[in-house]
There are 4 protein chains.
Amino acid sequence: MKKLSRKEREFLRHRGEILDVALELFSKRGFHNVTMHEIARDSEFSVGTLYKFFANKEDLYKALFLEKAEEFSLVMQEAIEKSEDEMSAIRTFIDQHIKLFMKNLRFVQLYLAETRGARFNIGMGMEKEIRQKHRVFLTKLSAVFKKGIEKGIFEDIDPYLLAIGLEGVIHAFLFNYLEDPQSHPFDTELIMNLFFGKVLRNAD
Amino acid sequence: MKKLSRKEREFLRHRGEILDVALELFSKRGFHNVTMHEIARDSEFSVGTLYKFFANKEDLYKALFLEKAEEFSLVMQEAIEKSEDEMSAIRTFIDQHIKLFMKNLRFVQLYLAETRGARFNIGMGMEKEIRQKHRVFLTKLSAVFKKGIEKGIFEDIDPYLLAIGLEGVIHAFLFNYLEDPQSHPFDTELIMNLFFGKVLRNAD
Amino acid sequence: MKKLSRKEREFLRHRGEILDVALELFSKRGFHNVTMHEIARDSEFSVGTLYKFFANKEDLYKALFLEKAEEFSLVMQEAIEKSEDEMSAIRTFIDQHIKLFMKNLRFVQLYLAETRGARFNIGMGMEKEIRQKHRVFLTKLSAVFKKGIEKGIFEDIDPYLLAIGLEGVIHAFLFNYLEDPQSHPFDTELIMNLFFGKVLRNAD
Amino acid sequence: MKKLSRKEREFLRHRGEILDVALELFSKRGFHNVTMHEIARDSEFSVGTLYKFFANKEDLYKALFLEKAEEFSLVMQEAIEKSEDEMSAIRTFIDQHIKLFMKNLRFVQLYLAETRGARFNIGMGMEKEIRQKHRVFLTKLSAVFKKGIEKGIFEDIDPYLLAIGLEGVIHAFLFNYLEDPQSHPFDTELIMNLFFGKVLRNAD
DNA sequence: AATGAATGAGCATTCATTCAT
DNA sequence: TATGAATGAATGCTCATTCAT
């Protein structure tokens, strides 16, 4: 948008470097098992400098999480919205979801923890914000299901539950992949099959 | 089974009281945001007494988690094993799962966090043990799917993924319930429908 | 002296058992590295019972030390006093000293520490008492030297220093023995030879 | 030797200040009766800063002891080695010993305690190191006696015992001086006289 | 009288945060 | 402006001592 001065560009580059290092550490050991000195050491800045970029440790963690979460959210929303019909919206969503996560495994570690891990890292601060955004997103996803139900494509099941359920399956697979990347490969089609009635053979 | 002396019974009662208080606190605020002094205060014991029952904070947390996790595991396994056919095994599993979790919401908070929360609370100690047990359990659940596949009841999909997926859906619903108990009710049948091909209307 | 009732005899026996165990532990690990629970465990009494015999840990340590120190002191004094002439008084003193210490190696550990270790175990409490008694004893030993000097047997050197010096040599040998019992054997005669060169006037 | 940066010089100065304060406290009250907070308070640093210089309390104590002990050891060895004949080596040793100790009374408190006090302050850690170094030193001192014996200057007595004995006398005098500096003055000549009666062959 | 469960003050240590240089 | 030395509140844990049974 705007032209950034060299100073500003440099500032953002440094900020990004710090966040990268922090993600590396936080994802491996969790918020409480990483010290500001470690982040300083690994990012080759001084502790003092860290505090020039972020007001405190919590702030750093929040920035780290929320910025990437926002990015994820946008990609996913786009995936849903630019699709023609509901069925392909769901497929694109799953597809993008998997791709995005596979490209950001470090962050996914944090993401899955934060969206399930309850109020564990930071006290109620970021918590609500994350939950709120997540709910907004799920509502958008459920809107797809809702429209599908209205069109008679999907069964009449609470669309919000469908959204939650779909995300639940995807996350479960991704988490298993994180733990043991070799075993049990899966793809968008598998999830589509699983979710859209192919488990039971003689379904009819 | 055995007759316990008054001393022994009292010991176990006190131990249980401490664990109850600890669960309350840990589930609300997480391992790192709870102090031994708080557990002492709330359980109306002294810090010293806490250390008579548990070697250290980590030990207390582990005991808390593993004992209940074991109990859960047994109930769930039983649900699977005592069923006649595969279909009812899955139904009983979902049913028991929901019931058990609904009765132990505090603990579920912890459980969902630990089985997703990555390596965040305790350093790799309990970690592996939990993951290992979880895998064993999922293998048992997937055995049901496997048999079902062999009998031609289920589609030929990696049974371990089916197990993971089913659990993912259940946990997703339960987690949503934890967050907002009023909205979006669900039950065993809903999950059965969802999982066994009723989402897509004209599936055939 | 007095007839002791069975109760009283038992009391003293138990007290002695506790002191024995305490000596064993204190001599190995020092005052601060031994807990009352350990003394209780090893002596097969309860902690509560320990406090029936001794007001507190310090008291127990003091009793342990002072009683045996008193016993030592008496034996040594006797050795000095019942001797005919000064020369044999010194010889008997050295002799008894070595014998006594060899029979009480555990305690000697403590003794050497307390009479050198400065104010390390207990704060200034027993300290003064020990030092005072020790000074009294050294004064008695120096009296022997003094008389010897007056008789012209010994050189005219501050008799208190002679007493200190003699004790210093004996303790140094004993300490070395404690550390490495096999090497560098010594006996009364050696110390006599060592000590009475120039001290003895008609050496030339 | 090397040029030190201002930072480095300041670091060493601060470290030295902490050690000075710690010596003051430890020598008065012993390892276990001094808290890190006291050292912090008296040295006018914060507790945290103490831990920047020393890994833990034990480490601080060890540094304190071993560095000065090393210095002492070197001075004493030099005293022995640079002397022409055995007799003057012993005299120089006594002389330097007294001078060094008189200048470092605080430390001597600790030194005498540690070289006699048995295994009382720290568990076996430093213990062995100290004993080992002490033995090495005594061996060097005894080598002087050995050579003297071979030359026929000294009586044929185990030279290691002579070394131990000489040190015992010196330490005994120094310890007495520590306790009561006014009374019973002594000097090198006195110790020489005391020690070299029969030891010196041609005494007669 | 004897027990040992319970107490809680006290200590070592950590680490987010500040600020003089 | 960037640094990192210094801070000190906070926490896990120990152990001498008490007292209800």
Side-chain angles (χ1 to χ4, degrees), chain A residues 7 10-11 14 31-41 44-61, chain B residues 6-7 10-11 14-15 18 31-41 43-61, chain C residues 7 10-11 14 31-41 44-61, chain D residues 6-7 10-11 14-15 18 31-41 43-61:
Chain A
K7 276 276 175 75
E10 191 136 279
F11 180 89
H14 289 176
F31 182 76
H32 290 284
N33 298 315
V34 171
T35 72
M36 289 300 269
H37 271 93
E38 284 173 309
I39 299 174
R41 175 170 37 74
E44 295 175 272
F45 288 99
S46 70
V47 239
T49 303
L50 258 47
Y51 282 86
K52 290 275 187 292
F53 287 93
F54 306 96
N56 50 47
K57 190 185 176 187
E58 203 170 309
D59 219 61
L60 167 49
Y61 185 81
Chain B
R6 191 176 57 70
K7 276 279 175 66
E10 192 136 280
F11 179 89
H14 288 177
R15 192 175 182 279
I18 293 169
F31 183 76
H32 290 285
N33 297 315
V34 171
T35 72
M36 290 302 268
H37 271 92
E38 285 174 308
I39 299 175
R41 177 170 34 74
S43 64
E44 295 176 272
F45 286 99
S46 69
V47 218
T49 301
L50 259 46
Y51 283 87
K52 288 275 189 297
F53 288 92
F54 306 97
N56 50 48
K57 190 185 175 186
E58 201 170 310
D59 218 61
L60 168 49
Y61 185 82
Chain C
K7 275 278 174 70
E10 192 137 278
F11 179 89
H14 289 176
F31 183 77
H32 289 285
N33 299 315
V34 171
T35 72
M36 289 300 269
H37 271 91
E38 284 174 308
I39 300 175
R41 175 168 37 74
E44 294 176 273
F45 287 100
S46 70
V47 239
T49 302
L50 257 47
Y51 282 86
K52 290 276 187 291
F53 287 93
F54 307 96
N56 50 48
K57 190 186 177 186
E58 203 170 309
D59 219 60
L60 167 49
Y61 185 81
Chain D
R6 193 177 55 72
K7 276 279 173 68
E10 191 135 282
F11 179 90
H14 289 177
R15 191 175 183 279
I18 293 169
F31 182 76
H32 290 286
N33 298 314
V34 171
T35 72
M36 291 300 270
H37 271 91
E38 284 174 308
I39 299 175
R41 178 170 33 75
S43 64
E44 295 177 272
F45 286 100
S46 70
V47 223
T49 301
L50 259 45
Y51 283 87
K52 287 276 188 298
F53 288 92
F54 306 96
N56 50 48
K57 191 185 173 187
E58 201 170 311
D59 218 62
L60 168 48
Y61 185 82

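All chains are named by letter (A, B, ...) in the order of the sequence lines, taking the proteins before the strands, and each is independently numbered beginning at 1. All values derive from a computational prediction rather than experimental measurement.
Between the P atom of E:dA12 and the CG atom of D:L60 lies a distance of 11 Å, rounded to the nearest Å. Taking atom NZ on D:K57 and atom C1' on E:dG10, their separation rounds to 12 Å, with Å as the unit. Here E:dG8 presents its P atom at 17 Å from CD1 of B:I39, a figure rounded to the nearest Å. If you take CD of C:E44 and P of E:dA2, they are 15 Å apart, rounded to a whole angstrom. The distance between atom NZ of B:K52 and atom C1' of E:dG8, rounded to the nearest whole Å, is 11 Å. The CE atom of D:M36 sits 11 Å away from the C1' atom of E:dC11 (whole-angstrom rounding). Atom-to-atom, OH of B:Y51 to P of E:dG10 comes out at 18 Å; the value is rounded to the nearest Å.
Residues B:N33 and A:H32 share a closest heavy-atom pair of OD1-CE1, 3.4 Å. Closest approach of A:K57 to A:V34, counting heavy atoms only: NZ-O, 2.7 Å.
With DNA chain E read from its 5' end, the first of the two nearest nucleotides for B:L50 and D:V47 is the one closest to B:L50. Mapping D:G48 and C:V34 onto DNA chain F by nearest heavy atom places D:G48 closer to the 5' end of the strand.
The footprint of chain B on DNA chain F, defined by a heavy-atom cutoff below 4.0 Å, extends from F:dT11 to F:dC15.
If you take CG on C:L60 and CG on C:N56, they are separated by 9.0 Å, rounding to the nearest 0.5 Å. The CD atom of A:E44 sits 12.5 Å away from atom OG1 of A:T49, with the distance rounded to the nearest 0.5 Å.
Residues satisfying the side chain to side chain donor-acceptor pair (under 3.5 Å) test with A:R41, not counting sequence neighbours, are none. Residues that satisfy the ring-ring contact (aromatic ring centres under 6.0 Å, His included) test with C:F54, not counting sequence neighbours, are absent from this structure. In this structure, the salt bridge (Lys or Arg N to Asp or Glu O under 4.0 Å) partners of C:E10, at least two apart in sequence or on a different chain, are C:R6, C:R13. D:F53 is linked by a ring-ring contact (aromatic ring centres under 6.0 Å, His included) to D:F11, counting only residues two or more places apart in sequence or in another chain.
Residue A:T35 is in sugar-phosphate contact alone, with no base atom involved, counting any heavy-atom pair closer than 4.0 Å across all strands shown. In this structure, C:H37 reaches the bases: a heavy-atom distance under 4.0 Å links it to at least one base atom across the strands shown. B:F45 comes within 4.0 angstrom of sugar-phosphate atoms only, judged by non-hydrogen atoms across all strands, and of no base.
In secondary-structure terms, DNA chain E builds stems of at least 3 consecutive Watson-Crick or G-U pairs, each pair having both distances under 3.5 Å, at E:2-21 with F:2-21.
Between B:S46 and E:dG8, a side-chain N or O to OP1/OP2 separation shorter than 4.0 Å is absent. Under 4.0 angstrom from either OP1 or OP2 of E:dT7 there lies at least one side-chain N or O belonging to B:T49.
Aromatic ring orientation, A:Y61 versus A:F31: perpendicular (interplanar angle above 60°, classes split at 30° and 60°).
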